[in-house]
Amino acid sequence: QRALRGDAREEAERLLEAATLPKEAKARIIETVLANVPTKDGAVDLEKFREAVVAETKREGEYLGRIMGQGKFKMISIISFSSVSSVYRE
């Protein structure tokens with residue numbers, strides 16, 4: 001279980017690397033998605049985990065947009081077969 005969470009944390013950090021969100025927001029996203037890591041055959045189900053990271057990143061960005069002024073953060077999602085990247089730009 002510990003190794004599983006470690007793998008999931010590394011993947012979440014990789015996915016959030018390019019996001020221009022505050023580090024505190026990234027930490028909140030990671031802690032939220034680590035609370036329920038999807039598994040498949042004893043390993044992290046990367047497809048479902050990436051979907052969870054993208055969804056939580058969108059929620060966090062929308063929240064920050066509301067408290068910092070509408071339109072402050074705009075989400076650009078790039079989703080391909082092999083990777084998922086979420087980037088926020090002002």
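Counting from 1, the numbers follow the sequence of the chain as shown.
We find the CG-OG1 distance between Leu16 and Thr57 to be 4.5 Å, quoted to the nearest 0.5 Å. Rounded to the nearest 0.5 Å, atoms CZ (Arg50) and CG (Asp45) are 9.5 Å apart.
In plain terms, the two heavy atoms of Glu13 and Ile30 that are nearest each other are CG-CD1, 3.6 Å. Across all their heavy atoms, Val53 and Ala12 have their closest contact at CG2-CB, 4.3 Å. Taking both residues in full, the closest heavy atoms of Ala19 and Lys26 are given as O-NZ, 2.9 Å, listed atom of the first, atom of the second, then distance.
Screening residues 32-42 for salt bridge (Lys or Arg N to Asp or Glu O under 4.0 Å), with sequence neighbours left out, gives no hits.
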Compile the donor-acceptor pairs under 3.5 Å between side chains in residues 31-39 and protein atoms, sequence neighbours left out, one pair per line.
| from | atom 1 | to | atom 2 | distance (Å) |
| --- | --- | --- | --- | --- |
| Glu31 | OE2 | Arg9 | NH2 | 2.7 |
| Thr32 | OG1 | Arg28 | O | 2.8 |

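Ionic pairing of Arg59 and Glu62 is not present here: no N-O contact between side-chain nitrogen and carboxylate oxygen is shorter than 4.0 angstrom.
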Worksheet entry | Trace of the salt bridge (charged side-chain N to carboxylate O under 4.0 Å, His left out) decision for Glu11 with Arg14 | CA-CA 5 Å; Glu11 181 65 10; Arg14 186 186 72 76; 2.9 Å; yes
